[in-house]
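Accompanying notes for the structure given below.
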Amino acid sequence: MKVILLKDVEGLGKAGDLKDVANGYARNFLLPKKMAAGATPQLLANYQQRIAAEQRKLEKQTEQNQQQAERLGQVSLTFKARAGRQGRLYGSITSQDIAAGLRESEGIAIDRRMIELPDPIRALGTYKVPVKLAQKLVPQITVNVVDESDSGNAEAGAEGTEVESTVAE
């Protein structure tokens with residue numbers, strides 16, 4: 001007997017699935033407990049419409065992810081941070097800092113857990129940081145970390161004196 005599940009049934013399927021089950025199982029268990037309904041032509045048509053709507057929604061989401069990936073691939077963020085003599089930062093740039101930078105400068109809201117930064121950035125330089133948008137869609141943003149004493153006070157940097165500042169957060 002073909003039934004459409006109205007609720008999730010462990011070992012059988014999720015709500016909305018079309019399943020072929022034994023007549024006794026459907027008649028004695030699924031139907032009395034309102035866990036499934038018989039697959040009438042009207043319900044089958046509704047099921048087909050629901051599948052088509054989910055497919056359209058999935059295609060639209062894939063297209064949005066692709067557009068966002070192209071946009072993220074062109075993004076370059078610059079962080080100014082206080083650094084020591086060998087280019088080592090007095091703090092670090094984390095995925096949370098990168099997410100906040102994307103939100104402020106580009107207006108792109110990305111969850112920090114989507115930014116694949118295994119260890120925080122602790123040195124000056126340019127880094128390519130991957131952002132996982134979907135299973136096979138991982139654009140890379142460019143993160144530049146510069147010493148803020150170089151850009152803020154060029155004379156003090158040339159003389160070798162230290163300028164106090166904090167890590168950009």
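If you read the sequence from its start, that first residue is 1, and numbering goes on from there.
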Under 3.5 Å, side chain of [X] to main-chain N/O of [Y], donor-acceptor pair present?
X    : Y    : value
N144 : T126 : no
N28  : Y25  : no
R88  : L124 : no

Measure the shortest side-chain to side-chain distance between [X] and [Y] over non-hydrogen atoms and say whether it is less than 4.5 angstrom.
X    : Y    : result
D147 : L89  : no
L5   : L18  : no
V129 : Q140 : no
I115 : I141 : no
L102 : L77  : yes
I93  : Y127 : no
T142 : V75  : no
K19  : K2   : no

Quiz item: Could you go step by step and tell me if M35 and L6 meet the side chain to side chain contact (heavy atoms under 4.5 Å, CB included) rule?
Solution: CA-CA 5 Å; M35 298 175 106; L6 301 175; 6.0 Å; no

Quiz item: Any side-chain donor-acceptor pair under 3.5 Å between N65 and Q61?
Solution: yes

